[in-house]
Protein chains: 2
Amino acid sequence: MAAYIQTVMETRRYARVLARLRSVGLRPTRQRLALARLLFDGGNRHVTAEQLHSEALEANIRVSLATIYNTLHQFTRAGLLREVVVDHGRAYFDTNTKEHHHFLFEDSGRLQDIPSKGVTVTGLPAAPSGTTVSRIEVIIRLREHGSSQ
Amino acid sequence: MAAYIQTVMETRRYARVLARLRSVGLRPTRQRLALARLLFDGGNRHVTAEQLHSEALEANIRVSLATIYNTLHQFTRAGLLREVVVDHGRAYFDTNTKEHHHFLFEDSGRLQDIPSKGVTVTGLPAAPSGTTVSRIEVIIRLREHGSSQ
DNA sequence: TCAATAGTTTAGAACAATTCCAAACTACTT
DNA sequence: AAGTAGTTTGGAATTGTTCTAAACTATTGA
């Protein structure tokens, strides 16, 4: 019985991810389905390519790192992910594509969403002519105190 | 006469840069003096290591890329520069160390200062406990329209 | 003024994240 | 079932940056 419910939920999740991929015109391949589920089943996340790769391997999904990169970029282009750049070296992909901002823990490089509720930036000059604002990004850099640093 | 004035100004600039290096405890070497002048003579700038390197070579200053990196980091640590991260791959160094924000032209990767006058971010939640805010960074991403993209 | 020394510079190797490539593979169409 | 267009892959290539150990130079103090 529990197993049955399990299966139903499984199937439903699968269908949802599949529909999602189809809707953005990406073939639902084994790899993309698996990665989509790692990314989107569960709460919002910030992952690097390497992280997602190890997660996949741990979950016994055979994917190459090249595919991880391809997929992350395709998903980003499709609006399923958003890329966040906070320190050079690594790119984070955020499963939360809604308007929001970030706390950055400088020591660990970890990111945390700031619910955008009520956060406003005021007093900005107009965008230079010939341009439009594609996004406003607010990053609050945090230093952990008490720690070694 | 013009030449004389030229020389005086030269000397003064030199003295200023030299004092600046001394004051942060860096030996005024040939390379550092030259780079400091490329960076700080003239208005505020945003440079990458590569850019500064080619500029130096064009100005007939023989410096290695390693020294460019060393110098940029030392200057940053000394508070003479501020590092800005906007897209992975390259690090920008900003000669404006005052509190301010940036326009980022997505197509070209170019940065432009936003005079911080009046820009305020409101409605932010408190910093997570155990941390202090080291800086708030606002980046306004711009898309150039009319252009190919 | 010179030698000692501590800080700097350098070329080149090493590194890390990412992209590129061309061949093998697979989902979809007919 | 075959064709084809889209995908995946390992490995090589690229890019920006850091490391290393040897050569060099500014500073100090005799």
Side-chain angles (χ1 to χ4, degrees), chain A residues 14-15 17-36 38 46-57 59-78 80-81 83-93 109 111, chain B residues 14-15 17-36 38 46-57 59-78 80-81 83-93 109 111:
Chain A
Y14 177 84
V17 168
L18 191 135
R20 203 156 182 194
L21 289 181
R22 280 254 164 71
S23 80
V24 297
L26 290 172
R27 283 192 188 170
T29 63
R30 181 175 59 76
Q31 292 86 338
R32 292 212 266 240
L33 283 165
L35 294 178
L38 285 179
H46 305 95
V47 287
T48 65
E50 285 294 352
Q51 273 167 27
L52 187 57
H53 192 216
S54 356
E55 261 182 54
L57 297 186
N60 274 312
I61 301 158
R62 248 185 56 268
V63 223
S64 72
L65 191 52
T67 298
I68 299 281
Y69 278 105
N70 289 339
T71 305
L72 286 172
H73 287 136
Q74 288 154 351
F75 283 11
T76 301
R77 231 174 295 126
L80 267 39
L81 291 175
E83 200 176 343
V84 188
V85 180
V86 283
D87 66 6
H88 53 266
R90 45 183 23 56
Y92 284 87
F93 292 85
L111 274 178
Chain B
Y14 176 84
V17 168
L18 191 136
R20 202 155 183 194
L21 289 181
R22 280 254 164 71
S23 78
V24 296
L26 290 172
R27 284 191 187 171
T29 63
R30 181 175 58 75
Q31 292 86 336
R32 292 213 266 241
L33 284 166
L35 294 178
L38 285 179
H46 305 94
V47 286
T48 65
E50 286 293 354
Q51 273 167 27
L52 186 59
H53 191 217
S54 356
E55 261 182 55
L57 297 187
N60 274 313
I61 301 157
R62 246 184 58 268
V63 224
S64 71
L65 191 52
T67 298
I68 300 280
Y69 277 105
N70 289 341
T71 306
L72 286 173
H73 288 136
Q74 289 154 351
F75 283 11
T76 301
R77 230 174 296 127
L80 266 40
L81 290 176
E83 199 176 343
V84 187
V85 180
V86 282
D87 66 7
H88 55 266
R90 43 187 20 61
Y92 284 85
F93 292 86
L111 276 178

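Sequence lines set the chain letters: A, B, ... in the order given, protein chains first and strands last, and positions in each chain run from 1. The structure displayed is predicted, hence computed values, not measured ones. All values below were derived from every heavy atom in this structure, side-chain atoms included, with hydrogens, water molecules and symmetry-related copies excluded.
- Rounded to an integer number of Å, the gap from CD of B/Gln51 to P of D/dG16 is 11 Å.
- If you take CG on A/Leu52 and CG on A/Leu57, they are separated by 9.5 Å, rounding to the nearest 0.5 Å.
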Sequence-aligned protein contact record of nucleotides 9-27 of chain C, with B where the base is within under 4.0 Å of a protein heavy atom and S where only the sugar-phosphate is:
SBB-----SBBB------B
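- Put simply, the side chain of A/Arg32 gets close to the backbone of A/Arg27: a donor and an acceptor are under 3.5 Å apart.
- For the atom pair B/Phe93 CZ and B/Leu81 CG, the distance stands at 7.5 Å (nearest 0.5 Å).
- Rounding to whole angstrom units, NE2 of residue B/His53 and C1' of D/dT18 are separated by 15 Å.
- Following rounding to the nearest Å, B/Arg77 (CZ) and C/dG7 (P) show an atom-to-atom distance of 14 Å.
- Straight-line distance from the CD atom of B/Glu83 to the C1' atom of D/dT18: 13 Å, rounded to whole Å.
- Distance check: B/Arg77 CZ to B/Leu26 CG gives 8.5 Å after rounding to the nearest 0.5 Å.
- Atom-to-atom, CG of B/Leu26 to C1' of D/dT25 comes out at 15 Å; the value is rounded to the nearest Å.
- Between A/Thr48 and A/His53, every side-chain heavy-atom pair lies at or beyond the 4.5 Å cut-off.
- Note that CG of B/Leu80 is 11.0 Å distant from CD of B/Gln74, once rounded to the nearest 0.5 Å.
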